[in-house]
Amino acid sequence: MSSNPVAETVASLMPRAKAELTELVAFRSVADFEQFPKSESEGAANWIVDALTAEGFTDVALLDTPDGTQSVYGYLPGPEGAKTVLLYAHYDVQPPLDEAGWTTPPFELTERDGRWYGRGAADCKGGLIMHLLALRALKANGGVPVSIKVIAEGSEEQGTGGLERYAEAHPELLTADTIVIGDTGNFRVGLPTATTTLRGMTMLRVQVDTLAGNLHSGQFGGAAPDALAALIRLLDSLRAEDGSTTVDGLTADARWEGLEYDEEQFRVDAKVLDGVELIGDGSVADRLWARPAVTVVGIDCPPVVGATPSVQAGARAQISLRVPPGVDAAEATKLLTAHLEAHVPWGARVSVEQVGQGQPFRADTTSPAYQAMADAMAVAYPGETMQYAGQGGSIPLCNTLAGLYPEAEILLIGLSEPEAQIHAVNESVSPEELERLSVAEALFLNNYAANSAG
């Protein structure tokens, strides 16, 4: 890769990339303003505004989206008649979870064992740095051959849909011939991968109530209906004995056709404890990329410390349902809601509130942009061929963009390979992957422009 001038430029820019990622990771930009100050997200957004302005972008703007967060937009005009490519990343991050579980502080980028650790290092502040590196490499080697739009979202992790609704209200803003979503990742380090499917999601809160107030378990336990026990039974109805997701009316037997995921490798990647079985049936790829998956992501109930001998009057849970391509997320939401209402025991009162939803996505891999990316990946990763894989996570904006711009080609790449441990403690990014993917993106833009001109 070193004989390529673009690659040489990216290599020379890596110290700057580390310094910039350090600055960006330092912002505690969690878009949940009950937990983290809004000023932290605003600080990260303004950092991006300054970075795009310094690179010569015009029309740089902070977009106030309907969910109360900000996205950052910038436009870099290319040669006359050139194609337009939209580059996407998001600057908001997941909460750090248990900060005590981090080996080094989550909001201080720290190099250790050849990786850079910090919340958002891979997902997805590193994606923004990847875009900047690619553009700088092109500017240093003949110029950027296409018009570039950058959009950096401020609430992707929350699933609150601010940017989707903004884009729908301003459909002209993000128009592009090709869209590069920098928020997925390689199947493993060193194996170039384009993500071709994403599961959608729906997020529900379910409240179960049985009593006017908590009761003494000695005086009333045994006959008084326990809302927490009712909730536990209700949540258990969402899984079969083997752990497969079971929502009444929701198909869960689809097969994945494409790159397979070795079960032992998955155990290593997921850090499954010795002796603990995987859940579900079918191949690992079936379970991750082709089938629905329900997860209880939170429960409101008394903590163990300070618990009293009480029969609980009410209990609440938040449920995430990942929805595979081919299933409409709105229909899945209806089915999950109906299932919860039908399976609550003992006549307990149940109410269901939807708090988030995003449609699944399937890319058209026959498009010319995919060939341009495959050729670029072959140079950035010598000896490797670009693979196609699915991703179990959701990027709701993908379907919004596909609906708004049906002629646009959409590619998904990024830094979130298994070792990155995104959303977990000790998230990290491989600087080698950042370097190689930045080279690949720069070469892709050159290839795409050349193919379009031809």
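Heavy atoms only: backbone and side chains are in, while hydrogens, waters and symmetry mates are out.
- Between Ile179 and Leu174 the shortest side-chain heavy-atom distance does not fall below 4.5 Å.
- Side-chain atoms of Arg255 do not come within 3.5 Å of backbone N or O of Ala290 as any donor-acceptor pair.
- Here the closest heavy-atom approach between residue Ala122 and residue Ser428 is recorded as CB-O, 3.5 Å.
- Surrounding CD of Glu172 are more than 12 heavy atoms belonging to other residues, nucleotides or ligands, all under 6.0 Å away.
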Under the criterion side-chain hydrogen bond (donor to acceptor under 3.5 Å, both in side chains), I'd like the reasoning laid out for Tyr388 against Glu257: C-alpha separation, chi angles, the key distance, then a yes or no. CA-CA 10 Å; Tyr388 296 154; Glu257 296 182 4; over 6 Å; no
I would like to know whether Arg136 and Glu20 meet salt bridge (Lys or Arg N to Asp or Glu O under 4.0 Å); could you show each step before the answer? CA-CA 14 Å; Arg136 288 167 182 161; Glu20 289 181 324; 2.8 Å; yes
Between Val355 and Gln318, does the side-chain contact (heavy atoms from CB on, under 4.5 Å) criterion hold? Intermediate values first, please. CA-CA 9 Å; Val355 293; Gln318 186 151 310; 4.3 Å; yes
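- Leu401 CG to Ile181 CD1: the interatomic distance, rounded to the nearest 0.5 Å, is 5.5 Å.
- Two residues are said to be in side-chain contact when any heavy atoms from C-beta on lie closer than 4.5 Å; Thr22 and Trp116 fail this criterion.
- A distance-only check finds a donor-acceptor pair linking the side chain of Ser147 to the backbone of Gly78 [under 3.5 Å].
- You'll find the side chain of Asn46 reaches within 4.5 Å of the side chain of Leu62, heavy atoms only.
- Of all heavy-atom pairs spanning Ser155 and Gly162, the tightest one is OG-N, 4.3 Å.
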Glu417 vs Arg115, test: salt bridge (Lys or Arg N to Asp or Glu O under 4.0 Å). Steps then yes/no. CA-CA 12 Å; Glu417 35 76 27; Arg115 296 182 68 92; 2.7 Å; yes
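- A distance of 8.0 Å separates OH in Tyr370 from CD1 in Ile410, rounded to the nearest 0.5 Å.
- Rounding to the nearest 0.5 Å places OG1 of Thr365 at 8.5 Å from CE of Met386.
- For the side-chain contact (heavy atoms from CB on, under 4.5 Å) with Leu163, the qualifying choice from Gln70, Glu156, Glu153 is Glu153, the only one to do so.
- Relative ring orientation between His90 and Tyr88 is described as tilted, the plane-to-plane angle lying within the 30° to 60° band.
- Going from atom CD1 of Ile319 over to atom OG1 of Thr295 covers 10.0 Å, rounded to the nearest 0.5 Å.
- Figure legend: Arg28 and Phe36 shown without cation-pi pairing, the cationic atom not lying both under 6.0 angstrom from the six-membered ring centre and within 45 degrees of its axis.
- For the pair Glu409 and Asp177, the minimum side-chain heavy-atom distance is 4.5 Å or more.
- Closest heavy-atom contact between Ser71 and Ile151: CB-CD1, 4.2 Å.
- A donor-acceptor pair is defined here as one N or O able to donate and one able to accept, closer than 3.5 Å; such a pair exists between the side chain of Lys38 and the backbone of Gly68.
- Note that CZ of Arg239 and OG1 of Thr246 are 8.5 Å apart. Values are rounded to the nearest 0.5 Å.
- Although no hydrogens or angles enter the test, the distance criterion places a donor-acceptor pair under 3.5 Å between the side chain of Thr245 and the main chain of Val294.
- A donor-acceptor pair under 3.5 Å links the side-chain atoms of Arg119 to the main chain of Ala424, judged by distance alone.
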Worked check of side-chain contact (heavy atoms from CB on, under 4.5 Å) between Leu234 and Leu340: CA-CA 7 Å; Leu234 177 57; Leu340 294 169; 3.9 Å; yes
Output, in order, the C-alpha distance, side-chain angles, deciding distance and verdict of side-chain contact (heavy atoms from CB on, under 4.5 Å) for Val379 and Asp375. CA-CA 7 Å; Val379 176; Asp375 293 342; over 6 Å; no
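- Remark: the backbone N or O of Thr400 is not paired with any side-chain donor or acceptor of Glu168 at under 3.5 angstrom.
- Taking a 6.0 Å sphere around CD of Glu331, one finds it holds more than 12 heavy atoms contributed by other residues, nucleotides or ligands.
- Taking both residues in full, the closest heavy atoms of Ala31 and Asp92 are given as CB-CB, 4.2 Å, listed atom of the first, atom of the second, then distance.
- Side-chain contact between Thr178 and Val146 is absent, with no heavy-atom pair separated by less than 4.5 Å.
- The backbone N or O of Leu288 lies less than 3.5 Å from a partner atom in the side chain of Arg199, making a donor-acceptor pair.
- Residues Glu55 and Lys139 form a side-chain contact, since some pair of their non-hydrogen atoms from C-beta on lies under 4.5 Å apart.
- Nearest approach of Leu135 to Val144, heavy atoms of both residues: O-CG2, 4.0 Å.
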Apply side-chain contact (heavy atoms from CB on, under 4.5 Å) to the pair Asp183 and Leu397, showing each step before the final yes or no. CA-CA 11 Å; Asp183 191 26; Leu397 183 67; over 6 Å; no
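- Listed for the Trp102 side chain is a donor-acceptor partner under 3.5 Å among the backbone atoms of Pro96.
- Separation of atoms CE (Met203) and OG1 (Thr333) is listed at 11.0 Å; rounding is to 0.5 Å.
- Atom NZ of Lys334 has 12 or fewer heavy atoms from other residues, nucleotides or ligands within 6.0 Å.
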Would you sort out whether Glu433 and Arg436 count as a salt bridge (Lys or Arg N to Asp or Glu O under 4.0 Å), showing the intermediate values? CA-CA 5 Å; Glu433 289 286 77; Arg436 287 182 290 217; 3.0 Å; yes
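- In this structure, the side chain of Lys149 does not engage the main chain of Tyr73 through any donor-acceptor pair within 3.5 Å.
- Glu432 and Ser430 share a side-chain donor-acceptor pair at under 3.5 Å.
- Contact of the Ser29 side chain with the Lys125 side chain is registered, since non-hydrogen atoms from C-beta on lie closer than 4.5 Å.
- Counting only distance, with no hydrogens or angles, the side chain of Lys18 and the backbone of Leu109 share no donor-acceptor pair below 3.5 Å.
- Under the 4.5 Å side-chain criterion, counting only non-hydrogen atoms from C-beta, Glu157 is in contact with Asp123.
- Here the options are Thr251, Asp281, Asp253, the test is side chain to side chain donor-acceptor pair (under 3.5 Å), and the partner is Arg291; only Asp281 passes.
- Smallest separation of non-hydrogen atoms from Val25 and Phe107: O-CD2, 3.4 Å.
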